[in-house]
Amino acid sequence: MRQHTDPTPAADPDDPEAYRAEIAATRLAVATGQQPPDTRELCAGPMHPDVAKRLKTLGSYVPQHVDELLDAHRPAKAARRAAIQAGQPDALAVPCTYCKAPAGKACRINRIDADGATGRRDRTTPHPSRIDDARTAQNQETTA
């Protein structure tokens with residue numbers, strides 16, 4: 001049974017009793033050896049060439065105009081894209097040596113409330129040292 005993947009029942013999904021009964025009957029047949037297990041994986045196989053070509057054309061799952069509409073809600077991502085389009089270094093491509101944020105994650109800032117509670121939040125802009133590190137990495141890539 002560990003190798004068995006339930007095939008989609010032929011029963012109408014709007015009839016839950018028949019749908020469940022068909023799944024139960026298939027599982028019983030596999031468990032008692034009356035039917036071999038169905039070992040197909042749900043997402044097995046390579047991506048269809050047309051899908052791969054379309055995704056390459058889009059460049060992202062989110063279309064560019066939708067991504068730009070969301071910029072008001074994601075200022076850090078908007079600033080990152082604007083910097084890349086302007087030929088500036090992508091600061092998030094390198095880890096931050098100041099706050100220890102990993103590559104791809106926003107810089108963080110520690111805060112202490114008046115009552116002494118501590119917390120962390122993401123900065124909307126990267127630390128200046130991280131920008132310098134990204135510029136150095138960008139220059140090394142262009143000279144290499």
Side-chain angles (χ1 to χ4, degrees), residues 1-113 117-142 144:
M1 280 304 293
R2 285 190 212 139
Q3 298 173 352
H4 179 68
T5 303
D6 289 321
T8 303
D12 184 5
D14 291 332
D15 183 1
E17 291 158 6
Y19 197 84
R20 282 193 297 259
E22 189 173 334
I23 290 175
T26 303
R27 288 179 180 175
L28 180 63
V30 171
T32 58
Q34 298 172 4
Q35 178 180 327
D38 188 343
T39 58
R40 290 178 285 174
E41 292 189 29
L42 298 178
C43 298
M47 188 183 303
H48 191 277
D50 293 344
V51 174
K53 185 177 171 183
R54 178 76 176 137
L55 286 175
K56 191 173 184 178
T57 302
L58 289 174
S60 171
Y61 286 108
V62 180
Q64 181 73 27
H65 70 282
V66 174
D67 214 17
E68 290 168 358
L69 289 172
L70 294 172
D71 282 350
H73 305 287
R74 303 179 301 188
K77 184 172 181 177
R80 185 178 188 190
R81 185 175 44 249
I84 293 169
Q85 289 172 344
Q88 298 297 318
D90 178 13
L92 298 187
V94 296
C96 183
T97 55
Y98 185 80
C99 69
K100 307 298 186 225
K105 299 289 185 181
C107 285
R108 301 174 292 227
I109 189 167
N110 294 326
R111 63 175 177 77
I112 301 175
D113 291 342
T118 60
R120 267 192 160 168
R121 67 175 176 83
D122 289 346
R123 287 175 48 112
T124 56
T125 58
H127 287 106
S129 60
R130 190 175 194 177
I131 297 170
D132 292 341
D133 292 344
R135 186 172 290 115
T136 301
Q138 184 183 34
N139 290 338
Q140 288 175 350
E141 286 178 8
T142 57

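Sequential numbering from 1 along the given sequence is applied to the chain's residues. The shown structure was predicted, so the numbers you read here are calculated from the model rather than taken from an experiment.
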Give me the atom names and distance for the closest heavy-atom approach of [X] to [Y].
{"X": "Ser129", "Y": "Tyr98", "result": "OG-CB, 3.8 Å"}
{"X": "Ala91", "Y": "Ala134", "result": "CA-CB, 3.6 Å"}
{"X": "Gln138", "Y": "Gly87", "result": "NE2-O, 3.5 Å"}
{"X": "Cys96", "Y": "Cys107", "result": "SG-SG, 3.7 Å"}

Suppose we screen for side chain to side chain donor-acceptor pair (under 3.5 Å). Which residues come up paired with Asp122, at least two apart in sequence or across chains? none
Listed partners of Arg74 passing side chain to side chain donor-acceptor pair (under 3.5 Å), at least two apart: Asp67
Is it true that a side-chain atom of Glu22 and a backbone atom of Ala10 form a donor plus acceptor pair closer than 3.5 Å? yes
Can you tell me how far apart CG (Asp90) and CD1 (Ile131) are? Round to the nearest 0.5 Å. 10.5 Å
How long is the straight-line distance from CD of Glu17 back to CG of Asp12, given to the nearest 0.5 Å? 12.0 Å
Lys/Arg-Asp/Glu bridge criterion (N-O < 4.0 Å) met for Arg130, Asp133: no
Mind jotting down which residue pairs meet the side chain to side chain donor-acceptor pair (under 3.5 Å) criterion with at least one end in residues 99-111? Sequence neighbours excluded, please. Asn110-Arg120, Arg111-Asp113
